[in-house]
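What follows is one structure encoded as structure tokens, with my remarks underneath.
Basis for what follows: all heavy atoms, side chains included, without hydrogens, waters or symmetry-related copies. Here is how names work: the chains are called A, B, and so on, in the same order as the sequence lines, proteins then strands, and each is numbered from 1.
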Protein chains: 2
Amino acid sequence: MSYETAIEGQDLARARGSKKRTRIQAENEERILDAALEVFSRYGFRGATVDQIAEKAGMSKPNLLYYFRRKHDLYTAVLTRTLDMWLAPFGEMAEDGDPEAELTGYIRQKLEQSRDFPHESRLFIGEILLGAPHLDAVLKTDLKSIVEEKAEVIRRWIGDGKLLDVDPVHLIFMIWATTQHYADFDAQIRSVLGRGIEDPATFRAASDTVIGVLMRGILPAHG
Amino acid sequence: MSYETAIEGQDLARARGSKKRTRIQAENEERILDAALEVFSRYGFRGATVDQIAEKAGMSKPNLLYYFRRKHDLYTAVLTRTLDMWLAPFGEMAEDGDPEAELTGYIRQKLEQSRDFPHESRLFIGEILLGAPHLDAVLKTDLKSIVEEKAEVIRRWIGDGKLLDVDPVHLIFMIWATTQHYADFDAQIRSVLGRGIEDPATFRAASDTVIGVLMRGILPAHG
DNA sequence: GGAACTTCTGACCATCCGGACAAATTCTTC
DNA sequence: GAAGAATTTGTCCGGATGGTCAGAAGTTCC
């Protein structure tokens, strides 16, 4: 599954129709995308400035615009680069596994994502706040279908008596909400706890609580 | 509990030291604040423009700036106006009540907030994404202390054997995450479900699932 | 070591944005 | 209905912002 949008001139190699991308090209584009991720995730599309991204990437604005001709191209490039990786753990949830193990593993992976890639999480919520203008098509097709697919898996587990009867889609939302919360609300969590999810003890407390409450909430009483 | 910041010139009446606010003043300030809430919650502080807010409020930019001299004043005015109301249900959770009823009621109220005041929810997450520059002091004092206070209540319930042994602060985070998710991720939810939390059936499914899973996750097995 | 190509930069431009200001209009009060 | 206060608007300004362009500097490859 690939979410690449077919926008012309998105990056240099594609725009020029050249065969190979140079070493410098690859390096700089990566530096730019990393910088853009940080800035877009904090300020949103409108609030971010090309100058700011260029400075963070360690190059001049015209040079950045040599690689991505428009701010908008850069934004969609960051979004699409991130989306596949972001949804990957969801796809790994297997029907033939043990529901408790599969779901526990998935929740843990999502918490690790929030810890290790908070900018990516915040980039998406910024786009969602805007009404998802750039992701709308992808959400309504690819995301919707993969959610329905996994909801069907959960429904079968419920039918087999392995899970309590809960609405599968809302359960998925609960998992996303509780795990991404640690990335998206980092500043708030840090104010209350004094530390964020990157702190090992905090990560352990968070994952114990989230996994404990959610799993007890959906597993049949044992015994 | 009031979170009013002591910023000079925040609004007209205060800035001029006048005794009463006129009818027109009150009306226009409210219209401006409503419009500002919508725009700031979508685009964030930087991404919002004064022109856009003025247009949505149905007045010219200079006239808006007559009421709020700086964009920044308007932003903090919207934030502070919203914060008290936003945290109100949390304060209502009473220690002497039944834990199950108190927590269920609180979760339901938070879901109603997400349904009825989604802009307010999104305004806050925008501020949090920015690193909470305007709310930092308030979060580290008032929010922190009220969270600690309620965590203590939950801890006592646990001590009395009325709740399972979970980390109270992370439980609070879970409640906030799962309920505000329906406001903050509205666009995503709408893409997947085809409708949002304002739809009665969706609201019912969401609240049944969230309340069901969370309460089963923290209440001692009955029987 | 030089031709051809890629990468980078400084200077520049049009537009947008937050904000100032004086003058015009409307409202309140007597 | 006139004085005085409150409200509204048009116009303007300086700085920021997205983006262009011509040419300089660097790289690759023969």
Side-chain angles (χ1 to χ4, degrees), chain A residues 7-33 35-36 39-40 42-78 134, chain B residues 7-33 35-36 39-40 42-78 130 133-134:
Chain A
I7 291 172
E8 302 289 334
Q10 191 172 64
D11 68 51
L12 216 191
R14 209 166 308 248
R16 299 226 174 134
S18 35
K19 287 83 194 143
K20 307 169 187 173
R21 54 172 34 179
T22 14
R23 172 185 51 86
I24 296 179
Q25 231 172 86
E27 282 176 11
N28 281 347
E29 285 183 3
E30 200 180 335
R31 271 167 56 213
I32 293 170
L33 288 170
V39 177
F40 281 133
R42 175 166 289 250
Y43 299 104
F45 177 70
R46 277 211 213 176
T49 75
V50 176
D51 279 287
Q52 204 181 355
I53 298 169
E55 191 189 0
K56 197 164 285 255
M59 66 181 63
S60 65
K61 177 173 68 169
N63 198 24
L64 183 153
L65 289 169
Y66 168 73
Y67 290 100
F68 296 89
R69 301 173 59 137
R70 324 221 144 246
K71 183 188 185 185
H72 186 276
D73 297 340
L74 179 52
Y75 183 66
T76 59
V78 179
H134 301 84
Chain B
I7 290 173
E8 302 290 332
Q10 189 171 65
D11 69 50
L12 216 192
R14 212 167 307 250
R16 300 226 174 134
S18 35
K19 286 81 196 148
K20 306 168 187 174
R21 53 172 35 176
T22 6
R23 172 185 52 85
I24 296 179
Q25 232 171 83
E27 282 176 14
N28 281 348
E29 285 183 4
E30 200 179 336
R31 270 166 59 213
I32 293 170
L33 288 170
V39 177
F40 281 133
R42 176 166 289 249
Y43 299 104
F45 177 70
R46 277 211 215 176
T49 74
V50 175
D51 279 287
Q52 204 182 355
I53 298 169
E55 192 189 1
K56 195 162 287 252
M59 67 180 64
S60 65
K61 178 173 68 168
N63 199 22
L64 184 152
L65 289 170
Y66 168 73
Y67 290 99
F68 296 89
R69 302 171 59 136
R70 321 218 146 250
K71 184 189 186 184
H72 186 276
D73 296 342
L74 179 53
Y75 182 65
T76 59
V78 180
L130 288 171
H134 301 84

Closest nucleotide among [options] to the [X] side chain:
{"X": "L65(B)", "options": "dT7(C), dT8(D), dG19(C)", "answer": "dG19(C)"}
{"X": "K71(A)", "options": "dC21(C), dG18(D), dT8(D)", "answer": "dG18(D)"}
{"X": "R70(A)", "options": "dT20(D), dT7(C), dG10(D)", "answer": "dT20(D)"}
{"X": "Q25(A)", "options": "dC17(C), dT7(C), dC21(D)", "answer": "dT7(C)"}
{"X": "N28(A)", "options": "dT7(C), dG18(C), dG18(D)", "answer": "dT7(C)"}

* Asked: Would you find more than 12 non-hydrogen atoms of other residues, nucleotides or ligands less than 6.0 Å from Q52(A) atom CD?
  -> yes
Find the distance [X]:[atom1] to [N]:[atom2] and express it as a whole number of Å.
{"X": "E27(A)", "N": "dT6(C)", "atom1": "CD", "atom2": "C1'", "value": "14 Å"}
{"X": "F68(B)", "N": "dG18(C)", "atom1": "CZ", "atom2": "C1'", "value": "16 Å"}
{"X": "L64(A)", "N": "dC8(C)", "atom1": "CG", "atom2": "P", "value": "11 Å"}
{"X": "F40(A)", "N": "dT17(D)", "atom1": "CZ", "atom2": "P", "value": "13 Å"}
{"X": "I53(B)", "N": "dC17(C)", "atom1": "CD1", "atom2": "P", "value": "12 Å"}
{"X": "D51(A)", "N": "dC12(C)", "atom1": "CG", "atom2": "P", "value": "17 Å"}
{"X": "E55(A)", "N": "dT17(D)", "atom1": "CD", "atom2": "C1'", "value": "15 Å"}
{"X": "N63(A)", "N": "dG26(D)", "atom1": "CG", "atom2": "C1'", "value": "12 Å"}

* Asked: Heavy atoms, side chains only, cut-off 4.5 Å: are L64(A) and L74(A) in contact?
  ->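 The answer is yes, as the side chains (C-beta and beyond) meet within the 4.5 Å cut-off.
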Respond yes when some side-chain nitrogen or oxygen of [X] is under 4.0 Å from OP1 or OP2 of [N], and no when none is.
{"X": "Y66(B)", "N": "dT7(D)", "answer": "yes"}
{"X": "Y67(B)", "N": "dA6(D)", "answer": "no"}
{"X": "S60(A)", "N": "dT9(C)", "answer": "yes"}

* Aromatic ring pairing H134(B)/H72(B), orientation class (parallel under 30°, perpendicular over 60°, tilted between) -> tilted
* To do: Just call it for I24(B): base, sugar-phosphate, or nothing, with non-hydrogen atoms closer than 4.0 Å on any strand.
  => sugar-phosphate
* Asked: If you look at every strand shown and take non-hydrogen atoms under 4.0 Å, does A48(B) touch a base, only sugar-phosphate, or nothing?
  -> sugar-phosphate
* Where do R46(A) and K71(A) come nearest, in terms of heavy atoms and distance? ->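 Taking R46(A) first and K71(A) second, the nearest heavy atoms are O-NZ, 3.5 Å.
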* Structure fact -> In terms of heavy-atom contacts, A48(B) and Y43(B) come closest through N-CB, 3.7 Å
